[in-house]
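Step one of this worksheet: look at the structure below.
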Amino acid sequence: MKFKTLVREVGIYGLSGFFSAFLLGTTGFYQASLNWTYFLVFFFVLLGMLKFVTKIFDIILPVQAKQIDLRDLKNKAIVAEAFNQPKNQH
C-alpha cells in the first residue's frame, strides 16, 4: 500500500516538473538571461501542473481507502462494552 502511494507521489511530482519545464521551454521562456522572476514564474507554473497532474492521477489511479486498523477496532469495542455495562446500584 505504501509503495503504491510512493510511486503515485513520485509520478505526480516528476511529471509536474517535466511538463512545467517543457511548457516554459516551448514558449521560449529560457532564451533570455535568468533572474529571480523566472523562478517565481516557474514556481507558479509548477503549482498549476501539480494540480493538473494530480487530477489526472486521481482519475487513473485513485487513492485507495484507508485500510481498517484492527487494534483501533478492538479498542473501540472495549470502550463501547465498558459504557454499555449496567451500573451496579449500592
Side-chain angles (χ1 to χ4, degrees):
M1 183 70 179
K2 283 188 175 184
F3 180 72
K4 286 183 181 179
T5 307
L6 179 66
V7 168
R8 182 179 189 275
E9 292 296 317
V10 167
I12 287 172
Y13 291 127
L15 287 174
S16 298
F18 173 76
F19 285 135
S20 59
F22 180 75
L23 181 67
L24 290 173
T26 56
T27 59
F29 190 73
Y30 294 120
Q31 290 178 358
S33 63
L34 289 175
N35 60 22
W36 68 272
T37 58
Y38 289 162
F39 296 109
L40 188 64
V41 169
F42 181 76
F43 175 73
F44 285 111
V45 170
L46 180 65
L47 284 180
M49 276 293 141
L50 186 65
K51 184 117 177 134
F52 176 72
V53 173
T54 302
K55 292 295 180 186
I56 290 176
F57 267 79
D58 286 342
I59 294 170
I60 297 172
L61 296 169
V63 177
Q64 298 293 328
K66 183 180 175 185
Q67 291 189 353
I68 298 170
D69 186 11
L70 295 177
R71 287 183 288 158
D72 189 37
L73 284 178
K74 185 177 178 182
N75 290 339
K76 287 180 181 179
I78 291 171
V79 170
E81 183 180 331
F83 278 109
N84 289 335
Q85 288 181 355
K87 296 180 180 178
N88 293 334
Q89 300 285 333
H90 292 293

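For Lys76, the salt bridge (charged side-chain N to carboxylate O under 4.0 Å, His left out) partners two or more places apart in sequence, or in a different chain, are Asp72. Considering only residues two or more places apart in sequence or on other chains, Tyr13 meets the side-chain contact (heavy atoms from CB on, under 4.5 Å) condition with Glu9, Leu50.
Residues Val45 and Ile56 share a single hydrophobic cluster, defined by chaining ILVMFWY side chains whose heavy atoms lie under 4.5 Å apart. Cluster annotation: Ile60 and Val53 are assigned to the same hydrophobic cluster (Ile/Leu/Val/Met/Phe/Trp/Tyr, side-chain heavy-atom contacts under 4.5 Å, transitive). In the hydrophobic cluster analysis, where Ile, Leu, Val, Met, Phe, Trp and Tyr join through side-chain heavy atoms closer than 4.5 angstrom, Ile59 is grouped apart from Leu15.
Nearest heavy-atom pair across Phe57 and Gly11 is CZ-C, 4.0 Å. Between Met49 and Ser16, the shortest heavy-atom contact is O-OG, 3.5 Å. A pairwise comparison of heavy atoms in Ser20 and Phe42 identifies OG-CE1, 3.6 Å as the closest pair.
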